[in-house]
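The structure appears below as structure tokens.
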Amino acid sequence: MAALGALVKKVWSVRRVLVLLCAPLALVPVLLSLPPKEGRCLYVILLMALYWCTEALPLAVTALLPIILFPFLGILPSSKVCSQYFLDTNFLFLSGLIMASAIEEWNLHRRIALRVLMLVGVQPARLILGMMLTTSFLSMWLSNTASTAMMLPIANAILKSLFGEKNTSKDMNRENEENQASLHQNKLYTVPTEMQFLASTEDKDLTEEKEVTSDAPSDLKKEEEYKTNIWKGFLISIPYAASIGGTATLTGTAPNLILLGQLKSYFPECDVVNFGSWFMFAFPLMLIFLLMGWLWISILYGGIDLRGWKTRKSNLRVDAEARAREVIKEDYQKLGPTKFAEQAIFFFFCVFAIMLFSRDPKFIPGWASLFAPGFISDAVTGITIVIILFFFPAEKPSFKWWFDLKAPNTEMQPLLTWRKAQETVPWNIILLLGGGFAMAKGCEESGLSVWIGGRLHPLEGVPPPVAVILITIVIALFTEFASNTATIIIFLPVLAELAIRLKVNPLYLMIPGTIGCSYAFMLPVSTPPNSIAFSSGHLMVKDMARTGLLMNVMGVLLLSLAMNTWAKSIFQLGTFPAWANIHAENATAPLTAVENVTLSALNKI
């Protein structure tokens, strides 16, 4: 297997070199077949899309290409390109990441998770529900990957208390080796620290356990099958809940913020999407999808037995549930009494959320109306709160200290240090967001978005509700194989122009496309949370495929339902807005000239 792993690495390295060298040459015909400026911009976008999909370069490094290529190719001056990498949207995302670092620093996430599990109970179906609720809540504020990495060790400890060590057959071992090779081939590595703990908890003497033979009693076989299914249900529910939960807030996942940033680029007058309005739309959708997903996973993996509601539990299961209850209680007690720092972090977290919700909720005047219009954004709110974390004391201050001249002058520890923020904040995501915004600006300034709109005539007859379903399906399938961030960066300009052509509110198409990027459930390579759960060794590709297929279908249908019901009143989707009409007028004015230039260029070829 070591030789196979080395061969896979060599093949992957050769493929990366080939993509890096051949892609720029293969895309040269794009420069010749389009008007000069539009062709150069499309060349850069296709090159970045190819690098993103193949990961020939790290995603963040590919996102830096506009800084080089746009000025050299005469698409945008460097001053306009570089400014896109630090818009206020990036700072809103940064504030969420810093708040997440503070929560992790004081183990507040673990206390919340264990408390929820103590409340929901220890029956497998209830535990799966508790895991999904907790993971989705954490994923609303933390990254999906971090939420998954935090919850998997807790799930692993509970599973071992319920069932002991899981038996592993030779076939499963072989499958796991292939899975690990696949993960290395696709550059999907497990998250360190907590994920290393997860890997280390695997039993090292599995070979000493006796496998269940064909002569074993039928009830023991059923118990073993039940144990295997519950184990899989637990592990698969966590990454799915993380992906679903990330859609509920603007800061929950990168595609949501890319939508906000590109809206400001394409439609500067659009002000209907902010933290509060997005939450009112996406949170109910998240809850409904989470409940449906829990029912599906529980039924599929035996957490809920539709044929055996009245059957009596075996003594083995009763004892296992009692052990699980004790493990959860013991882990919670190990955290000790709630520290002052945890209370302070929880307080500032609540203030952070409330201020973002109430800044401009649309249905009533928000607190931002007390200031000059347009001066206060969500980024101002978020950064204001997280700055306090860097000087607020982690220990309860004593007022006697101020009046005691003999008291030692000890240095005060803040709730969060800058060193900790540097280590835990994924700064590469900030660059990735900036690359997406720079790409959108290039499409707008070069006229490429207008040219794309001119090619969308065949789609003008598609009914908008059908367009929503088709868009969600296409993007959900595309993101199974590509980064969700790269996917939405590529598709949003097309969706904006398609909406203009269909004469519908651009949000009616752009929001489903954005959320559809998070509905990637079928493959281990679809999202980092999927790959983390898959790398535990207890899941196979067929498990994720059969579970994720119905999850994708449910996601598409529920999203279509949401867009045609409560989203219409929140985002005023029933009318073609004035802010989109201004963009349409600006876009259609030079459209005829662009088409004539395009046809003449094609005739010369």
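As the structure is a prediction and not an experimental result, all values here were calculated from the model.
In this structure, S243 contributes its side chain and P239 its backbone to a donor-acceptor pair below 3.5 Å. No side-chain donor-acceptor contact under 3.5 Å links R501 to the backbone of A496. In terms of modelled atom types and a separation under 3.5 Å, the side chain of N274 and the main chain of S277 share a donor-acceptor contact. Panel note: side chain N530, backbone L523; a donor-acceptor pair is recorded below 3.5 Å. Side-chain N or O atoms of E480 include one that pairs as donor or acceptor with a backbone N or O of F521 at under 3.5 Å. Proximity of a side-chain donor or acceptor of T135 to a complementary backbone N or O of M132 within less than 3.5 Å is not detected.
Taking the side chain as every heavy atom from C-beta outward, R359 and V380 never approach each other to under 4.5 Å. Taking 4.5 Å as the limit, some side-chain heavy atom of P493 sits within range of a side-chain heavy atom of Q262. Looking at N505 and T575, their side chains never come closer than 4.5 Å, going by heavy atoms from C-beta outward. Counting heavy atoms from C-beta outward, L259 and W278 have side chains that approach closer than 4.5 Å. Using a 4.5 Å heavy-atom threshold, the side chains of I515 and F289 count as separate. At least one side-chain heavy atom of I473 sits under 4.5 Å from a side-chain heavy atom of I469. Counting heavy atoms from C-beta on, the side chains of E105 and I345 never come closer than 4.5 Å. Using a 4.5 Å heavy-atom threshold, the side chains of W579 and C270 count as touching.
Interatomic distance, CG of L498 versus CE of M510, reported as 11.0 Å (0.5 Å rounding). Expressed to the nearest 0.5 Å, how far CZ of F93 lies from CD1 of I98 amounts to 11.5 Å. To the nearest 0.5 angstrom, W106 atom CH2 is 10.0 Å from L416 atom CG. One distance of note links OG1 of T249 with CG of N256; it measures 7.0 Å at 0.5 Å rounding. Rounded to the nearest 0.5 Å, atoms CD1 (I238) and OG (S139) are 12.0 Å apart. Between the OH atom in Y240 and the CE atom in M551 there is a gap of 6.5 Å [rounded to 0.5 Å].
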(message) Run M355 and T384 through side chain to side chain contact (heavy atoms under 4.5 Å, CB included) and show every step you take.
(response) CA-CA 10 Å; M355 289 188 68; T384 300; 5.7 Å; no
(request) Starting from the C-alpha separation in whole Å, work towards a yes-or-no answer on salt bridge (charged side-chain N to carboxylate O under 4.0 Å, His left out) for K441 and E445. (result) CA-CA 6 Å; K441 192 68 175 177; E445 294 284 336; 3.8 Å; yes
(request) Check step by step if side chain to side chain contact (heavy atoms under 4.5 Å, CB included) holds for V556 and Y519. (result) CA-CA 8 Å; V556 170; Y519 291 170; 5.6 Å; no
(request) In sequence, state the C-alpha distance, the side-chain angles, and the governing distance for L285 and L559, and then conclude on side chain to side chain contact (heavy atoms under 4.5 Å, CB included). (result) CA-CA 7 Å; L285 174 62; L559 182 55; 3.7 Å; yes
(message) Would F478 and F491 count as a ring-ring contact (aromatic ring centres under 6.0 Å, His included) here? Give the steps.
(response) CA-CA 10 Å; F478 191 87; F491 276 94; 5.4 Å; yes
(message) As a quick check of understanding, evaluate side chain to side chain contact (heavy atoms under 4.5 Å, CB included) for T417 and F390, giving each step before the final call.
(response) CA-CA 6 Å; T417 63; F390 289 100; 6.0 Å; no
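Taking every heavy atom of both residues into account, P512 and L507 meet most closely at CD-O, 3.8 Å. The two residues L65 and M48 make their nearest non-hydrogen contact at CD1-CG, 4.1 Å. Residues V425 and L94 come closest through the heavy atom pair CG1-CD1, 4.0 Å. Counting all heavy atoms, side chain and backbone alike, C517 lies closest to T479 at O-OG1, 3.4 Å. I500 and A580 get closest at one heavy-atom pair: CD1-O, 3.8 Å. The two residues A248 and M140 have their closest heavy-atom pair at CB-CG, 3.8 Å.
Residue-environment remark: NZ (K37) exceeds the threshold of 12 foreign heavy atoms within 6.0 Å.
W141 and F275 have parallel rings, their planes meeting at less than 30° on a 0 to 90° scale where 60° marks the start of perpendicular. F571 and F281 have perpendicular rings, their planes meeting at more than 60° on a 0 to 90° scale where under 30° would count as parallel. Between F91 and F86, the ring planes lie tilted relative to each other; the angle falls in the 30° to 60° range. Using cut-offs of 30° and 60° for the angle between ring planes, the F279 and F357 rings count as tilted.
Among the candidates D271, D378, D88, the single residue satisfying the salt bridge (Lys or Arg N to Asp or Glu O under 4.0 Å) test with K264 is D88.
Checked against the 6.0 Å centroid criterion, the rings of Y85 and F437 do not qualify as a close aromatic pair. No close placement of the F375 and F371 rings is indicated, their centers lying 6.0 Å or farther apart.
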